[in-house]
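Just below is one structure, and these are the notes that go with it.
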2 protein chains.
Amino acid sequence: MLHFASLESPAPVWTLSPIEDAAVKTLRAHDPLTFEGDKADRLFEVLEGVIRVYKVFQDGRRQIMSFAFPGDIIGFAHEDTYSFDCDALVFSRVRAISKASLLRTVRERPELGEKMLAAASRQITAAQNLSIVLCRKSALERVASFLCTLAGRHQFLACSGTVSLPMTRADIADYLGLTIETVSRNITKLRGLGVISLPKTGYVQIENIQRLQSLADCEVDLH
Amino acid sequence: MLHFASLESPAPVWTLSPIEDAAVKTLRAHDPLTFEGDKADRLFEVLEGVIRVYKVFQDGRRQIMSFAFPGDIIGFAHEDTYSFDCDALVFSRVRAISKASLLRTVRERPELGEKMLAAASRQITAAQNLSIVLCRKSALERVASFLCTLAGRHQFLACSGTVSLPMTRADIADYLGLTIETVSRNITKLRGLGVISLPKTGYVQIENIQRLQSLADCEVDLH
DNA sequence: CGTATAATTGAGATTAGTCAATAACTGTGG
DNA sequence: CCACAGTTATTGACTAATCTCAATTATACG
């Protein structure tokens with residue numbers, strides 16, 4: 001089964017909870033979390049919902065770097081200022097934790113540093129996997145991989161086989177490096193193959209997960 | 001100017017040198033450094049040369065994740081076993097450092113942990129940038145970006161404007177998500193535009209770096 | 001010097017993108 | 001509850017880019 005960017009981690013291996021000044025922030029759908037250029041003094045741990053992390057270029061093109069789900073950490077990839085925008089796709093809760101306080105805590109508890117490094121490792125692997133997907137896969141394989149990965153995050157299985165799809169076709173396209181039309185055509189193709197169905201908007205019913213995986217995998221079997 | 005995967009870091013911000021059991025390993029061209037599936041108990045800091053980090057799929061397709069140059073660290077993205085193969089393109093020296101000993105040292109010197117985290121951050125950014133390049137750029141833009149980044153690593157400037165190109169067209173193709181033919185055609189195109197010339201095999205002469213950058217950039221201006 | 005490998009170039013096929021029209025869904029107000 | 005407007009999704013026809021297959025040339029190495 002193929003894993004996607006920050007959809008990767010099945011569960012948080014570390015939590016920022018013991019850190020005293022961690023503040024939980026509540027976001028409604030479409031609320032921004034950070035703006036590009038903001039001072040990047042905090043990391044965010046997603047507790048609930050889905051956060052969209054993206055970059056908009058001068059010509060209007062947009063690249064979605066990741067959809068961050070509960071357990072994912074946002075902000076590792078930033079030094080002084082955020083180089084990406086983040087907003088919520090649905091109602092979400094994130095725990096904000098200042099880097100300064102995190103580093104203080106790491107000095108006292110070195111094992112937390114190891115865990116952070118492990119989390120960073122997983123993000124590097126995830127980002128590299130995304131590169132592989134973008135580099136080596138056809139449009140159909142990319143869409144199948146995306147749906148496969150969503151299905152793998154079982155917290156998004158509303159009920160057996162039904163997967164919540166809180167992002168628009170434009171979001172999926174900008175994540176997979178395709179156009180809206182190509183995403184739509186390939187979803188239609190998967191529907192025609194009987195692999196998925198669309199019971200209602202915002203949801204996908206996985207009819208044949210083995211078939212979907214074989215369409216997605218194309219021999220890619222990362223970790 | 002655009003940055004590429006592990007070509008990213010201009011200089012090592014941290015060094016593993018103070019760690020006692022760090023061993024320097026010498027590799028001739030084409031010598032393997034690690035095999036996929038090996039126990040991933042070590043990181044490698046490239047001291048000299050170029051290391052090719054790649055993954056081969058069952059159907060023979062290959063994705064080069066990075067060309068690691070002096071100052072780059074290999075092995076962050078691995079947990080238990082290496083998920084990629086590494087070998088040397090030219091004569092190279094790498095410092096191998098066991099993760100266990102690194103973690104011991106981090107416990108005594110927390111600031112080293114911060115530096116490692118910063119290095120990991122840069123790698124995440126680098127991997128994400130590669131995704132953007134693969135996702136959003138045309139073949140000509142990718143080739144121009146690649147040459148631009150090579151030129152930016154000044155340790156590879158043999159003399160003014162001449163850049164060593166130790167990798168084959170197949171390597172470049174497998175890094176940029178293109179075919180050998182497309183890479184070759186676009187190198188020819190850049191030559192036709194007077195932007196580069198090929199004085200001898202294994203080297204590129206940058207004739208017009210501004211022009212090369214403007215062909216590469218296409219509004220992407222990451223950090 | 002000859003052979004094997006690497007690089008270039010050409011012609012045609014394939015894939016995804018573009019532009020355009022239509023359909024479906026969302027939310028608002030009557 | 002329905003009609004409307006605005007957004008999102010689907011579908012079609014055509015275009016453009018890259019890939020594939022093939023031939024040729026250049027380079028490296030024994």
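Residue numbers begin at 1 in each chain, while the letters A, B, ... track the order of the sequences.
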Margin query: Testing the 3.5 Å rule here: is there a donor-acceptor pair between the side chains of A/S197 and A/E207?
Written below: yes
Check: For the helix from C/dC1-D/dG30 to C/dG30-D/dC1, what angle lies between the axis at the first five pairs and the axis at the last five pairs, to 10 degrees?
Finding: 40°
Item checked: Whole-Å gap separating C1' (D/dC19) and CZ (A/R136) -> 12 Å
Check: Are the charged groups of A/R62 and A/D171 less than 4.0 angstrom apart, N to O?
Finding: yes
Checklist line | For A/D41, salt bridge (Lys or Arg N to Asp or Glu O under 4.0 Å) partners two or more places apart | finding: A/K39
Next item on the list: Look only at the side chain of B/N186 and the backbone of B/T182, and say whether a donor-acceptor pair between them is shorter than 3.5 Å.
Entry: yes
Margin query: From CD1 of A/I180 over to P of D/dT11, roughly how many Å is that when rounded to an integer?
Written below: 15 Å
Check: Which nucleotide span of DNA chain C, 5' end to 3' end, has atoms closer than 4.0 Å to non-hydrogen atoms of chain B?
Finding: C/dA7 to C/dA11
Notebook entry, point to check: Who passes side chain to side chain donor-acceptor pair (under 3.5 Å) against B/Y54, sequence neighbours left out?
Noted result: B/D87
Margin query: Tell me which residues in residues 182-201 of chain A lie within less than 4.0 Å of DNA chain C, going by non-hydrogen atoms.
Written below: A/T182, A/R185, A/T201
Note to self: I'd like to check the side chain to side chain donor-acceptor pair (under 3.5 Å) partners of B/R93; sequence neighbours left out, ordered by chain and number.
What the structure shows: B/E48
Next item on the list: In plain terms, say whether B/D174 and A/R136 are close enough for a salt bridge, that is, a side-chain N and a carboxylate O under 4.0 Å apart.
Entry: yes
